[in-house]
Amino acid sequence: MMIFAISLPFSVWMRVLIGLGRNAIVVAVQSCIPVLNLVLILMCTLFDASATLLLSTSTAGFLVTNLVCFGIARRDSRVKRSLCQAAASSSAVVVSIVGTAVPMLIISASIPLTFQMDRLVLTHVAKVSDIAVYSVAATVFLPVFSVVQVAGRSLWGDFASNRADPEASLALLRRSLLFSIILGAVGSVSLLLIGPFVASWAVDGSIDVPVGLFLVFGALVLVQSVHNPSGNFLTDAAGLKFQAICMILMAVVSLPLSVFLGFSLGAIGVVLATVLAVLVFAMIPCLARSFLVLRAQINYLVEVRQDA
């Protein structure tokens, strides 16, 4: 917990690099996290370290990578210039942080309650075999899901730079939505076709994973991919507040729905609950709001031009 707490203030610099359009660096640095964690765990094992030390150092990779991003970002001339401007207008910066950081904190807290509660739910409503089946399928799902998330994350900087031009933002939203649909569809089909073979190889055929589980995991990849453009567009103060409300509803509905469907469908049920929660409370409302906001802004500009 201490390592996690220390790394939190530095984690913002990954987002700064994304905002600067240096997403490739963030991806490269984040790719080192599992490698660093593995090296630290291996060193602790070789030196016969205690379980306490092993657990403590297993998350040190996050701190190291956050510090690396901090060092890279602080060397960027645009960051230095922005920090100087922020020092000259500290009150405006504080207002901006309060208006966006609180909703973002709510969003960050709500997402794990939706995406990372499946195993816990299964321990209470299903058999041990369901947990094993879910874990095997998740090892194939998570890399595909990560690719979709990383691909969508870079959109935030593009939307932020075009925020003053609603026509450009609308065009970008349409292009990114089309790209996200294609990417999500490719990821879903790949997961459905290749997932069973990879899962069987990973456990040497000892666990039989139903195709239906890969089907709902593929649906989750597609739904989240389609949600990415609107989620990255709605990152101003008003948009984040709207997303915070959606994420709270998503988390509140997802947990009991997972329990209900987990009783009858097991591992497939908890993933299906997540798919429905993301679809109804995140993807659809955020997409609708994004297009409505942009249409209203464009109509206002048209009226201004006509009056001029």
Side-chain angles (χ1 to χ4, degrees), residues 27 30-31 34 111-123 125-155 175-232 250 253-255 257-284 286-287:
V27 173
Q30 283 189 320
S31 300
I111 289 176
L113 293 176
T114 303
F115 286 89
Q116 299 178 16
M117 296 293 287
D118 292 345
R119 285 185 179 88
L120 180 61
V121 170
L122 287 173
T123 59
V125 304
K127 298 176 291 185
V128 175
S129 58
D130 289 309
I131 303 174
V133 166
Y134 176 91
S135 299
V136 173
T139 59
V140 185
F141 159 75
L142 289 174
V144 178
F145 191 74
S146 298
V147 170
V148 171
Q149 289 292 84
V150 170
R153 186 174 55 190
S154 60
L155 293 171
R175 291 197 308 270
S176 59
L177 184 58
L178 178 61
F179 171 77
S180 297
I181 291 173
I182 295 173
L183 178 64
V186 171
S188 300
V189 173
S190 301
L191 189 62
L192 184 60
L193 295 179
I194 304 174
F197 299 100
V198 176
S200 178
W201 172 79
V203 295
D204 198 22
S206 59
I207 298 176
D208 185 22
V209 182
V211 177
L213 184 54
F214 288 106
L215 183 62
V216 289
F217 267 132
L220 182 56
V221 169
L222 179 60
V223 168
Q224 182 61 32
S225 181
V226 176
H227 169 63
N228 278 338
S230 58
N232 283 276
M250 183 179 72
V253 172
S254 175
L255 186 56
L257 187 60
S258 295
V259 173
F260 175 75
L261 293 178
F263 267 117
S264 56
L265 299 176
I268 295 177
V270 295
V271 182
L272 179 59
T274 304
V275 173
L276 294 174
V278 175
L279 176 67
V280 175
F281 296 102
M283 191 195 87
I284 294 176
C286 288
L287 268 177

Response to the item:
Distance col, row Leu193:CG vs Phe214:CZ, nearest 0.5 angstrom, shows 11.5 Å
Discussion item. I'd like to know if the side chain of Asp130 and the backbone of Lys127 have a donor-acceptor N/O pair within less than 3.5 Å.
Written reply: yes
Fill in: Contacts of Asp118 that satisfy side-chain hydrogen bond (donor to acceptor under 3.5 Å, both in side chains) - sequence neighbours left out
Tyr134
Worksheet entry | Closest heavy-atom pair and its distance - Ser188, Gly218 | OG-O, 2.5 Å
Item to complete: Rounded to the nearest 0.5 Å, what's the gap from CD1 on Ile268 to CG on Leu215? Could you check?
Response: 8.5 Å
Worksheet item: Nearest 0.5 Å, what's the CG-CG distance between Leu272 and Leu220?
Response: 10.0 Å
Worksheet entry | Ser206 versus Val203, closest heavy-atom pair with distance | OG-O, 2.7 Å
Fill in: Distance, nearest 0.5 Å, that separates OG of Ser146 from CZ of Phe141
8.0 Å
Discussion item. So which atom in Val209 and which in Ala137 form the shortest heavy-atom distance, rounded to 0.1 Å?
Written reply: CG1-CB, 3.9 Å
Worksheet item: Got a donor-acceptor contact below 3.5 angstrom from the Ser200 side chain to the Pro196 backbone?
Response: no
Practice prompt. Return the minimal non-hydrogen interatomic distance between Ile207 and Val133, and the atom names on each side.
Written response: CG2-CG2, 3.8 Å
Worksheet item: Which residues pass the side-chain hydrogen bond (donor to acceptor under 3.5 Å, both in side chains) test with Arg119, sequence neighbours left out?
Response: Ser135
Worksheet item: Would a 4.5 Å heavy-atom cut-off, applied to side chains only, mark Val280 and Met250 as touching?
Response: no
Worksheet item: Is the side chain of Ser225 donor-acceptor paired with the backbone N or O of Ser180 at a distance under 3.5 Å, no angle test?
Response: yes
Worksheet item: Are Leu255 and Leu113 close enough that some pair of their side-chain heavy atoms sits under 4.5 Å apart?
Response: no
Worksheet entry | Nearest-0.5 Å distance, CG of residue Leu287 to CD1 of residue Ile284 | 8.5 Å
Worksheet entry | Separation of Ser176 OG from Ile181 CD1 (nearest 0.5 Å) | 9.5 Å
Worksheet item: Is it the case that more than 12 heavy atoms not belonging to Phe260 sit under 6.0 Å from its CZ atom?
Response: no
Item to complete: For the residue pair Phe217 and Val221, establish whether any side-chain heavy-atom pair is separated by less than 4.5 Å.
Response: no
Response to the item:
Between Thr114 and Ser254, the two heavy atoms sitting closest are CG2-OG, 3.7 Å
Practice prompt. Could you check if a side-chain atom of Pro210 sits within less than 4.5 angstrom of a side-chain atom of Leu213, using non-hydrogen atoms only?
Written response: yes
Worksheet item: Just wondering, do His227 and Ser230 contact through their side chains at under 4.5 Å, heavy atoms?
Response: yes
